[in-house]
K.L.:
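Pasting in a structure now, in C-alpha cells, and then I'll have a few things to ask.
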Amino acid sequence: MGRIHIDLFTTLDGVAQAPGGPEEDPTDDFAFGGWQAPLIDEVVGEQIDSGMDGMDALLLGRRTYDIFAAYWPHQGGGIADLFNRLPKYVASRQSPELEWKGSTLLGADTVAGLRELREKHQNIHVIGSLDFVQTLFAERLFDQLNLWVYPILLGTGKKVFAGGVVPTNLRLIEPVVASPKGAVMQRYAVVEGTPGVGNMAEIDQA
C-alpha cells in the first residue's frame, strides 16, 4: 500500500500561503507572496531535493496544479525532469482541462480516489495545495507530514491547519535539520491511536 506525503513550507506562526511568489495566491490581498525566497539556502535546497527521493506520483490541488503546469513543462533538469515525467493527479470540484502531460483528474470521491492511488503508487507527494490539504488533515488521509518551518512571523495569511484536524499522533522519523538561514526541516509519520492525556502533577511526584 502506497503512502501519501504532504510537503509544506510554513512560517513560524503557521502561514503557508504563497511561499513561492507574489502571484501564487493573492487571496484576501495577501501582501507577503514569495516570503520563502529570501530564506532559501544550500541546505534548504538539499533537503527539498532529498525529500523527493522515491516520489512516483504528484497529487495537487487545482491552484497549485495550474501554477506548476504553467512553469515546469518549460523547464529542464533536476526537479523539472522529475515533475514532467511523473503521473500527476489533480483534486478539483470542477472538470478543468489538464494540458500538462501525464495529468489525470482525481474524481469527486476523494477517499476512493486516494485508495486507488495507493494501490498504483508507493510514494505520492502533495506539494503546497493548501486548500486541498485541509481535506486531507480533516479526514486523516495522509501518512507523512514534511514541514519546512521558516523563522519569520507574518500574522496574516492562510494557515497550515486552518481547516481543522482530527486528533492524530505523529512520530518524528528523522533528525531535525536546520539551515544557515534558520529554516527547520521536520518529517513526521502518522501513527496509530489518538493523543493521550495525563497529569503533570503526578509526573512531578514520581
Side-chain angles (χ1 to χ4, degrees), residues 1-10 14 16 19 46-69 72 78-96 98 100-149 159-177 184-196:
M1 183 68 71
R3 294 172 56 82
I4 294 176
H5 303 245
I6 295 175
D7 301 336
L8 289 174
F9 305 108
T10 176
E46 291 172 352
Q47 286 295 306
I48 291 173
D49 289 343
S50 66
M52 295 183 184
D53 289 346
M55 181 190 304
D56 60 354
L58 273 175
L59 173 59
L60 304 171
R62 172 67 187 281
R63 185 190 298 274
T64 300
Y65 173 82
D66 286 345
I67 292 169
F68 279 24
W72 289 113
I79 294 176
D81 289 347
L82 175 65
F83 284 0
N84 289 324
R85 181 179 73 250
L86 289 179
K88 293 159 279 285
Y89 300 91
V90 184
S92 176
R93 297 183 179 91
Q94 302 174 345
S95 300
L98 304 178
W100 192 6
K101 184 179 179 181
S103 300
T104 304
L105 194 63
L106 183 62
D109 188 336
T110 301
V111 175
L114 295 181
R115 185 182 300 116
E116 291 179 5
L117 291 189
R118 282 188 166 117
E119 292 174 353
K120 292 180 180 179
H121 305 287
Q122 290 301 306
N123 288 294
I124 306 144
H125 282 248
V126 183
I127 300 177
S129 307
L130 191 57
D131 293 335
F132 172 57
V133 161
Q134 301 310 308
T135 298
L136 303 182
F137 285 147
E139 301 294 335
R140 193 169 164 167
L141 296 173
F142 68 103
D143 303 286
Q144 185 168 323
L145 176 60
N146 306 314
L147 284 179
W148 286 262
V149 182
K159 299 295 185 68
V160 172
F161 302 112
V165 297
V166 295
T168 302
N169 287 325
L170 301 174
R171 176 173 57 87
L172 189 68
I173 57 176
E174 294 182 11
V176 171
V177 176
V184 178
M185 178 62 219
Q186 306 167 45
R187 291 186 172 94
Y188 296 96
V190 175
V191 295
E192 292 296 326
T194 56

K.L.:
Could I get the full list of salt bridge (Lys or Arg N to Asp or Glu O under 4.0 Å) partners for D66, not counting sequence neighbours?
P.N.:
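Result, salt bridge (Lys or Arg N to Asp or Glu O under 4.0 Å) vs D66: R62.
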
K.L.:
Restricting to side chain to side chain contact (heavy atoms under 4.5 Å, CB included), what partner residues turn up for K101, sequence neighbours left out?
P.N.:
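K101: no side chain to side chain contact (heavy atoms under 4.5 Å, CB included) contacts found.
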
K.L.:
Check side chain to side chain donor-acceptor pair (under 3.5 Å) between D7 and all other residues, then give those that pass, not counting sequence neighbours.
P.N.:
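Applying side chain to side chain donor-acceptor pair (under 3.5 Å) to D7 gives H125, N146.
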
K.L.:
Is the shortest side-chain heavy-atom distance between V190 and L170 below 4.5 Å?
P.N.:
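V190 vs L170: side chains touch.
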
K.L.:
Please report the interatomic distance CG(L114) to CG(L141), rounded to the nearest 0.5 Å.
P.N.:
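Going from the CG atom of L114 to the CG atom of L141 covers 5.5 Å.
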
K.L.:
Check the pair F9, I48 against side chain to side chain contact (heavy atoms under 4.5 Å, CB included), reporting the backbone distance first and the verdict last.
P.N.:
CA-CA 10 Å; F9 305 108; I48 291 173; 3.9 Å; yes

K.L.:
Could you check if a side-chain atom of V160 sits within less than 4.5 angstrom of a side-chain atom of F137, using non-hydrogen atoms only?
P.N.:
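With C-beta onward as the side chain, the pair touches.
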
K.L.:
Just by modelled atom types, is the L60 backbone N or O under 3.5 Å from a matching donor or acceptor in the S129 side chain?
P.N.:
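Not confirmed, S129 side chain does not pair with L60 backbone.
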
K.L.:
First locate atom CE of M55, then atom CD1 of I79, and finally report the distance between them rounded to the nearest 0.5 Å.
P.N.:
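M55 atom CE to I79 atom CD1 measures 8.5 Å (nearest 0.5 Å).
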
K.L.:
Residues two or more places apart in sequence or in another chain: which of them pass ring pair (Phe, Tyr, Trp, His ring centres under 6.0 Å) with F132?
P.N.:
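F132: no ring pair (Phe, Tyr, Trp, His ring centres under 6.0 Å) contacts found.
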
K.L.:
Considering only distance and modelled atom types, tabulate donor-acceptor pairs under 3.5 Å from the side chains of residues 104-111, sequence neighbours left out.
P.N.:
from	atom 1	to	atom 2	distance (Å)
D109	OD1	V111	N	3.3
D109	OD1	A112	N	3.1

K.L.:
W100: which residues meet the side chain to side chain donor-acceptor pair (under 3.5 Å) condition with it, sequence neighbours left out?
P.N.:
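Only N84 meet the side chain to side chain donor-acceptor pair (under 3.5 Å) criterion with W100.
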
K.L.:
How many angstroms lie between atom CD of E119 and atom CE of M1, to the nearest 0.5 angstrom?
P.N.:
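It comes to 5.5 Å.
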
K.L.:
For Q186, enumerate each residue passing the side chain to side chain donor-acceptor pair (under 3.5 Å) test, keeping only those at least two apart in sequence or located in another chain.
P.N.:
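Testing Q186 for side chain to side chain donor-acceptor pair (under 3.5 Å), a comparison that skips the adjacent residues, returns Y188.
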
K.L.:
With D81, which residues qualify under side chain to side chain contact (heavy atoms under 4.5 Å, CB included), at least two apart?
P.N.:
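Residues passing side chain to side chain contact (heavy atoms under 4.5 Å, CB included) with D81: none at all.
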
K.L.:
List the steps and the verdict of side chain to side chain contact (heavy atoms under 4.5 Å, CB included) for L58 and I127.
P.N.:
CA-CA 8 Å; L58 273 175; I127 300 177; 3.6 Å; yes

K.L.:
Testing the basics here: between P19 and A16, what is the closest heavy-atom pair and its distance to 0.1 Å?
P.N.:
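Of all heavy-atom pairs spanning P19 and A16, the closest is CD-O, 3.5 Å.
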
K.L.:
Report the residue from N123, I6, I173, I4 that forms a side-chain contact (heavy atoms from CB on, under 4.5 Å) with Q144.
P.N.:
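The passing option is I173.
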
K.L.:
Is there any side-chain hydrogen bond (donor to acceptor under 3.5 Å, both in side chains) pair reaching into residues 130-140, and which pairs are they, with sequence neighbours excluded?
P.N.:
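Counting only pairs at least two positions apart or across chains, the side-chain hydrogen bond (donor to acceptor under 3.5 Å, both in side chains) contacts touching residues 130-140 are D131-K158.
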
K.L.:
So do the side chains of Y89 and H121 get within less than 4.5 Å of each other, counting heavy atoms only?
P.N.:
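They are in contact (side-chain heavy atoms under 4.5 Å apart), so the answer is yes.
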
K.L.:
What residues form a side chain to side chain contact (heavy atoms under 4.5 Å, CB included) with L147, not counting sequence neighbours?
P.N.:
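Side chain to side chain contact (heavy atoms under 4.5 Å, CB included) check on L147 returns L8, T10, L145, V149.
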
K.L.:
According to the side-chain hydrogen bond (donor to acceptor under 3.5 Å, both in side chains) rule, which pairs have a member within residues 47-57, sequence neighbours left out?
P.N.:
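Passing the test, one end in residues 47-57: Q47-R187.
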
K.L.:
Locate the shortest heavy-atom distance separating F83 from K88; write the atom from each residue and the value.
P.N.:
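Residues F83 and K88, closest heavy atoms: O-NZ, 2.8 Å.
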
K.L.:
Check side chain to side chain donor-acceptor pair (under 3.5 Å) between S103 and all other residues, then give those that pass, not counting sequence neighbours.
P.N.:
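Testing S103 for side chain to side chain donor-acceptor pair (under 3.5 Å), a comparison that skips the adjacent residues, returns Y65.
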
